[in-house]
**Student:** 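Can you read through this structure? Questions will come right after.
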Protein chains: 2
Amino acid sequence: MIALVAALLLAPVVPSSLAGALPSWNEGKAKSDILQFVTQAVTPGSKGFVPPQERIATFDNDGTLWAEVPTVEVAFTMHRLKALAEKERALREKQPYKAALEGDHEYLEKAGPKALLELVGVTHGGMSPDEFQQEVRAFFAAAKHPRFHEPFQATAYVPMLELMALLRDNGFQVWICTGGTQDFVRVISLQTYGIPPERVIGSTIKIEWEGADKGLQRQKQLARVNDKAGKPVGIQIHIGQKPALAAGNVKTGGDIEMLEMVRSREGLALLVNHDDAEREFAYSEKNGESLTAAAEHGFTVISMKKDWKKIFAFDRKGSAGP
Amino acid sequence: MIALVAALLLAPVVPSSLAGALPSWNEGKAKSDILQFVTQAVTPGSKGFVPPQERIATFDNDGTLWAEVPTVEVAFTMHRLKALAEKERALREKQPYKAALEGDHEYLEKAGPKALLELVGVTHGGMSPDEFQQEVRAFFAAAKHPRFHEPFQATAYVPMLELMALLRDNGFQVWICTGGTQDFVRVISLQTYGIPPERVIGSTIKIEWEGADKGLQRQKQLARVNDKAGKPVGIQIHIGQKPALAAGNVKTGGDIEMLEMVRSREGLALLVNHDDAEREFAYSEKNGESLTAAAEHGFTVISMKKDWKKIFAFDRKGSAGP
């Protein structure tokens with residue numbers, strides 16, 4: 001009994017300043033895990049205290065911070081590929097461009113990741129970083145999500161924006177750690193998420209310095225893929241320490257290693273499960289490895305359907321009717 | 001005459017808040033270029049105005065922020081090599097380890113960069129990031145500069161610490177962009193320069209995720225060399241935009257490309273010239289390429305002898321007598 005009272009006295013209490021936090025989250029384990037984590041992180045002496053210099057949070061982007069059906073960067077790649085095929089008509093007869101332009105999924109599936117990387121290299125390379133930024137800006141200014149009919153940036157999840165704000169208010173650095181290419185996401189990260197470009201970790205296109213006159217030039221190939229086991233590597237390269245919190249999602253197993261990294265220091269690992277066909281999408285993973293890893297390593301699973309009161313900022317009844 | 005008056009009225013005046021800045025700098029072109037740059041950078045409407053989001057400054061480390069005779073990381077490499085050769089005596093008979101252990105410079109010169117990279121790989125790899133941090137910490141706790149008999153961190157240049165403080169006070173992000181390995185410099189960057197680990201860009205050792213149990217492990221080889229043309233590439237990877245100010249030094253030509261990158265946006269490029277044998281060291285470059293590039297691209301050359309009133313924080317008459 002005394003031990004219980006002592007434990008209660010020692011247990012950090014969610015401070016009143018956090019009481020109104022995360023308004024778009026329903027009460028439940030996910031919200032409670034987050035508030036517990038933040039409360040302990042900032043409470044000196046608590047077992048979950050995180051020294052200010054270690055308050056690092058990394059978020060996957062596609063499917064964790066915004067909708068990934070379709071993957072935004074795939075839409076950009078197709079947009080660029082069509083533009084390239086206008087100028088260079090021979091591309092239309094050459095694989096894997098032909099298959100991509102004609103939507104020949106069977107060919108692309110068979111051709112595997114090598115063909116996809118080639119498509120990314122050709123559409124993302126062959127220009128300076130400034131020229132690439134302009135291409136990306138032009139894409140985002142015009143493109144709309146095919147189902148929600150809103151700009152892609154508007155598919156940012158409101159509950160995640162609230163979580164990032166809460167973390168910042170409590171002294172956390174908030175980073176993106178995406179499988180997408182980093183110079184693509186950097187163009188919209190500040191405006192969409194309040195994350196400055198230097199805090200975006202992603203896959204990289206090979207870049208070379210071509211002399212004082214030409215400066216940096218993006219080559220037509222990838223340098224590093226920031227997915228799966230590449231995510232902890234990217235975090236080490238860019239940040240140099242284990243995050244105290246990370247968030248990813250169920251779809252390809254791409255975030256498992258990043259979440260394991262966080263758990264290896266007893267941090268909070270969040271895994272978004274897309275189970276809301278009505279308001280967003282419902283999809284799962286072929287082999288269910290992300291949810292298996294969640295059970296094994298203690299990730300907190302977020303059900304979009306149950307944990308999120310609201311998904312998008314735009315007002316649309318049911319926000320995603322057929 | 002009217003044009004002259006108009007020009008004078010429009011020219012940004014160094015604000016009084018900067019009047020006492022850079023106390024360890026003598027009056028002269030270098031100090032005046034810096035104060036002009038900072039004044040314009042923060043004066044909206046001036047031609048040198050730098051929007052807050054672009055206030056990025058990158059500093060080389062060895063020879064720019066602290067003494068590089070001997071190169072600190074070479075001292076660490078030798079320290080580690082000796083420790084390895086204690087455990088694994090066969091190394092003493094194997095090249096290039098034998099040559100390094102015996103100080104056989106002739107062999108190493110002939111063997112070229114490949115041998116040096118091998119030495120760095122073996123001494124810096126084969127352990128986790130945490131283990132490496134502990135090795136580096138232990139080294140810095142015990143090692144002393146052979147001439148100044150102070151810890152290596154104490155050879156940080158006071159005028160550069162003042163410059164970094166001035167930049168921070170005016171909204172600049174201050175980064176290191178070093179040819180040294182980034183996880184080595186990160187261990188001391190906060191304490192020595194006030195630069196947090198995530199703002200250190202350097203050469204990288206190959207790192208791999210070896211599963212949830214073993215986590216990240218440093219391999220025995222380099223992944224990326226952040227020197228010469230590698231510096232603008234490192235800046236693009238980590239920051240994603242051109243710095244408005246960069247500083248490097250004369251010795252190997254390693255900073256030329258970074259400084260050219262800054263000049264390509266009309267930023268301030270600073271080049272430290274080691275011409276003070278009495279207080280620090282006097283050395284030049286075989287082919288003089290850094291000073292040639294300075295003349296061609298408009299880098300501001302800093303003479304340690306003429307521009308710096310004081311070099312180190314430690315009090316030592318002449319600070320470096322024989």
Side-chain angles (χ1 to χ4, degrees), chain A residues 52-54 56 128-130 132-133 173 175 182-183 185-187 189-190 196-202 204-219 223-224 228-242 256-261 263-265 293 296-297, chain B residues 52-54 56 128-130 132-133 173 175 182-183 185-187 189-190 196-202 204-219 223-224 228-242 256-261 263-265 293 296-297:
Chain A
Q53 191 51 38
E54 296 175 21
I56 307 279
S128 72
D130 286 351
F132 182 70
Q133 271 191 15
Q173 291 182 22
W175 293 67
Q182 63 187 26
D183 287 338
V185 177
R186 279 170 171 173
V187 173
S189 63
L190 186 64
E198 68 273 12
R199 292 203 176 150
V200 175
I201 305 167
T204 50
I205 301 295
K206 190 175 177 191
I207 293 188
E208 279 179 5
W209 176 258
E210 297 189 349
D213 290 342
K214 295 190 71 182
L216 290 173
Q217 293 293 328
R218 298 167 60 86
Q219 310 298 306
R224 202 179 70 75
K228 300 184 190 269
K231 289 203 175 190
V233 173
I235 288 168
Q236 180 63 30
I237 292 173
H238 286 260
I239 309 179
Q241 59 178 309
K242 293 176 189 171
I256 294 173
E257 290 83 354
M258 173 169 74
L259 300 177
E260 285 174 350
M261 185 191 206
R263 290 300 296 147
S264 76
R265 61 158 287 168
E296 187 182 343
H297 297 287
Chain B
Q53 191 51 37
E54 297 175 20
I56 307 278
S128 73
D130 286 351
F132 181 71
Q133 271 191 15
Q173 290 183 22
W175 293 68
Q182 63 188 27
D183 287 337
V185 177
R186 279 170 171 172
V187 174
S189 63
L190 187 64
E198 68 274 10
R199 291 202 176 151
V200 175
I201 305 166
T204 51
I205 301 296
K206 191 174 176 191
I207 293 189
E208 278 178 7
W209 177 258
E210 298 189 350
D213 290 343
K214 296 190 73 181
L216 290 173
Q217 294 293 327
R218 298 166 60 86
Q219 309 298 307
R224 203 179 69 75
K228 300 184 190 272
K231 290 202 173 191
V233 173
I235 288 168
Q236 179 63 29
I237 292 173
H238 286 260
I239 308 178
Q241 59 176 309
K242 293 175 188 171
I256 295 173
E257 289 83 354
M258 172 170 74
L259 299 177
E260 285 174 349
M261 184 190 208
R263 290 300 296 148
S264 76
R265 62 158 286 166
E296 186 182 346
H297 297 287

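In what follows, chains carry the letters A, B, and so on, assigned in the order in which the sequence lines appear, proteins first and then strands, with residues in each chain numbered from 1.
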**Student:** Is there a donor-acceptor pair under 3.5 Å between the side chain of R186(B) and the backbone N or O of P197(B)?
**Tutor:**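 Yes: the side chain of R186(B) pairs with the backbone of P197(B).
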**Student:** Among E260(A), H238(A), R263(A), which residue forms the greatest number of heavy-atom pairs with chain B at distances under 4.5 Å?
**Tutor:**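 Sorted descending by pairs with chain B, the first entry is H238(A).
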**Student:** Quick one: closest heavy-atom pair of I201(A) and R224(A), and the distance?
**Tutor:**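 Minimum heavy-atom separation between I201(A) and R224(A): CG2-NH2, 4.1 Å.
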**Student:** Can you tell me which portion of D130(A) sits under 4.5 Å from chain B's heavy atoms? Options are side chain, backbone, both or neither.
**Tutor:**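 When you check distances to chain B, only side chain atoms of D130(A) fall under 4.5 Å.
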**Student:** Less than 4.5 Å to any heavy atom of chain B: does that hold for the side chain of L190(A), its backbone, both, or neither?
**Tutor:**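 Answer is side chain: those atoms of L190(A) sit under 4.5 Å from chain B.
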**Student:** Is chain B contacted by the side chain of K228(A), its backbone, both, or neither, given a heavy-atom distance below 4.5 Å?
**Tutor:**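 For K228(A), there is no contact with chain B at all, as no heavy atom is under 4.5 Å.
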**Student:** For Q219(A) and E210(A), does a side-chain donor sit closer than 3.5 Å to a side-chain acceptor?
**Tutor:**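 Their side chains do contain a donor-acceptor pair, which is all the 3.5 Å distance test asks for.
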**Student:** Would you give the length of the straight line joining atom CD1 of I205(B) to atom CD of Q217(B), rounded to the nearest 0.5 angstrom?
**Tutor:**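 Result: 13.5 Å between the selected atoms.
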**Student:** Shorter than 4.5 Å, heavy atoms on both sides: which option in S264(B), A229(B), A223(B) has the most such pairs with chain A?
**Tutor:**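 Of the candidates given, the most pairs with chain A belong to A229(B).
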**Student:** Heavy-atom cut-off 4.5 Å, strictly under: side chain, backbone, both or neither for Q182(A) against chain B?
**Tutor:**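 Contact with chain B involves the side chain of Q182(A) alone.
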**Student:** Can you name the nearest heavy-atom pair linking W209(A) to V233(B), along with the distance?
**Tutor:**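 Heavy atoms only, the tightest pair is N-CG2, 4.2 Å.
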**Student:** Heavy-atom distances under 4.5 Å only: say whether L216(A) touches chain B with side chain, backbone, both or neither.
**Tutor:**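 It is the side chain, since no backbone atom gets that close.
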**Student:** Specify which of G230(A), A293(A), G240(A), P232(A) makes the most heavy-atom pairs with chain B at under 4.5 Å.
**Tutor:**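 Among G230(A), A293(A), G240(A), P232(A), the one with the most close pairs to chain B is P232(A).
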**Student:** What I want to find out is whether R218(B) reaches E208(B) closely enough, with some N-O distance under 4.0 Å, to be called a salt bridge.
**Tutor:**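 Here R218(B) does not pair with E208(B) in a salt bridge, since their nearest N and O are not under 4.0 Å apart.
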**Student:** Would you say the side-chain atoms of Q173(A) and E198(B) include a donor-acceptor pair closer than 3.5 Å?
**Tutor:**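 The criterion, which ignores hydrogens and geometry beyond distance, is satisfied for E198(B) and Q173(A).
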**Student:** Given heavy-atom pairs under 4.5 angstrom as the criterion, report whether the side chain, backbone, both or neither of K242(B) touches chain A.
**Tutor:**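 Contact with chain A is through the side chain of K242(B) alone.
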